[in-house]
Amino acid sequence: MFSQERAFTDWQLTGFGSAPAFLFETIESTHKLMKAMAASGEIAPGTLFVADSQSNGHGRHERTWDSPAGKNLYFNILIPLEGIPANRFAQITQVAALTFAETFNNIHSAIQDSAQFANVNAVDKCATPTNANRAKPEIVTAPKITVKWPNDILFGKSKFCGILAEIVYTRTHQSGTTSENAPRPALNMGVGINVNSDPEDYAHLNRAVTTLKAIFGHTINREKLLQQLIGNLERAIGQFKAFGIRPWVAAWKRMDQFIGTRGTIVVNNRCTDQNRETGEGAIKKSGTIIDMQDDGSLLFKCDDGTIETVISADLEI
């Protein structure tokens, strides 16, 4: 995971089910291109798009997602939805967020275990009859990577991974014929991960942002990380099809740090970077986050005493 990275154009990747991966050294937006090509039938579900840089990367509500070259991961995966009821489509981004967060935590834990082993060994090698019984150095465990409803990934309260998803309808041609099948839904899921950039690179955004390099204390091989993320996500989607969202909700609750705290839900949010502070065009309600329910929705108690089930919104902490 921390080996030297080869040239971006030499990366070896596949999408779901060995579907092709397309590499773009620079592009306006992987999300916009995948949407257009899926709708026209030029790509099939499972396809992966990866960019080394983007000139117009964005997150939810067209908020800017900075995309410097050669540092981070910007990718889209066209997730097939066969076998998944339409009322569960939105839950896939929660499954993805939890899967990615668990992947990052596993890497982080491995680094900490290695450091602890090295420190303990160093003490043992230096032990003498007079100091052998002294207490070994305490290893301080850093805050874990956590999730924030609906699909953000944070370290502490600093975001470093965002997910943007929308349903697209793909057209494919029947084998050996020229007739088209009926359009089928697929999930165009875009992911941006701050990997090898520095937190200082995002000071102009005026919001808490961090990077995996800052968290891990190491430069990461982006190709190897992406291979692991895509493989883990494909397995997770298979489990989701079989078992539904409930097992993921239980895992989410173990990782979430905000249940029981105050927050603000933002509904019908059309806030951009330019008006995000005023909330123009949005409905904001402050209160307490009570729970995440079995269907992945948020149970929220507003300051006026009403309790709402929130299916789709932003959550500000």
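By the side-chain hydrogen bond (donor to acceptor under 3.5 Å, both in side chains) test, Ser286 pairs with Thr264, sequence neighbours left out. Every salt bridge (charged side-chain N to carboxylate O under 4.0 Å, His left out) that Asp294 has, sequence neighbours left out, goes to Arg246. Judged as a ring-ring contact (aromatic ring centres under 6.0 Å, His included), and not counting sequence neighbours, the contacts of Phe2 are His218.
Of the possible polar contacts, one joining the Thr261 side chain to the Phe258 backbone as a donor-acceptor pair under 3.5 Å is found. Not one N or O on the side chain of Ser297 forms a donor-acceptor pair closer than 3.5 Å with the backbone of Gln293. In this structure, Gln227 contributes its side chain and Leu13 its backbone to no donor-acceptor pair below 3.5 Å. Checked by atom type and distance alone, the side chain of Asn196 pairs as donor or acceptor with a backbone atom of Ile220 at under 3.5 Å. In this structure, the side chain of Lys144 does not engage the main chain of Asn105 through any donor-acceptor pair within 3.5 Å. Formation of a donor-acceptor pair under 3.5 Å by the Trp149 side chain with backbone atoms of Gly296 is found in this model. A donor-acceptor distance shorter than 3.5 angstrom exists from the side chain of Lys148 to the backbone of Leu315, with no hydrogens or angles considered.
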Please step through salt bridge (Lys or Arg N to Asp or Glu O under 4.0 Å) for the pair Asp304 and Lys285, ending with a clear verdict. CA-CA 9 Å; Asp304 63 7; Lys285 297 181 181 181; over 6 Å; no
For Lys301 and Asp291, run salt bridge (Lys or Arg N to Asp or Glu O under 4.0 Å): C-alpha distance rounded to whole Å, both residues' side-chain angles, the deciding distance at 0.1 Å, then the answer. CA-CA 10 Å; Lys301 183 177 182 179; Asp291 204 357; over 6 Å; no
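When every heavy atom of Asp295 is checked against every heavy atom of Gln91, the shortest pair comes out as O-NE2, 2.9 Å. Between Gly260 and Thr288, the shortest heavy-atom contact is O-CG2, 4.0 Å. Shown here for Pro150 and Gln94, the closest heavy-atom pair between the two residues is O-CG, 3.2 Å. Between Val50 and Phe8, the shortest heavy-atom contact is O-CZ, 3.6 Å. Closest non-hydrogen pair, Pro45 versus Thr170, comes out as CG-OG1, 4.3 Å. Summarising the geometry of Gln4 relative to Asn221, their closest heavy-atom pair is O-ND2, 3.4 Å, with the distance given to 0.1 Å.
In this structure, the side chains of Met292 and Val147 stay at 4.5 Å or more apart for every pair of heavy atoms.
Side chains of Thr103 and Asn232: a donor-acceptor N/O pair is present below 3.5 angstrom, by distance only. Between the side chains of Thr146 and Gln257, at least one donor-acceptor pair of N or O atoms lies under 3.5 Å.
Between Ser197 and the choices Thr211, Thr210, Asn72, the side-chain hydrogen bond (donor to acceptor under 3.5 Å, both in side chains) rule is met once, by Asn72.
Salt bridge Lys284/Glu316: present, at least one basic N to carboxylate O contact under 4.0 Å. For Lys213 and Asp198, the salt-bridge test passes: some basic side-chain N is under 4.0 Å from an acidic carboxylate O.
Ring centroids of Phe160 and Phe104 are separated by less than 6.0 Å, placing the two rings close together.
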All N/O donor-acceptor pairs, side-chain side in residues 76-88, below 3.5 Å, sequence neighbours left out:
unit_1	atom_1	unit_2	atom_2	d
Asn76	OD1	Thr30	OG1	2.7
Asn76	OD1	His31	N	3.3
Asn76	ND2	His31	ND1	2.9
Asn76	ND2	Asn188	OD1	2.7
Arg88	NH2	Phe240	O	2.8

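Think of Ile307 as one node in a network of Ile, Leu, Val, Met, Phe, Trp and Tyr side chains linked at under 4.5 Å; its network also takes in Ile290, Leu299.
Counting only residues at least two apart or on different chains, no side-chain hydrogen bond (donor to acceptor under 3.5 Å, both in side chains) pair has a member in residues 9-24.
The aromatic rings of His108 and Phe155 lie perpendicular to each other, with more than 60° between the two planes, well past the 30° mark.
Rounding to the nearest 0.5 Å gives a distance of 11.5 Å between CD1 of Ile167 and CE of Met189.
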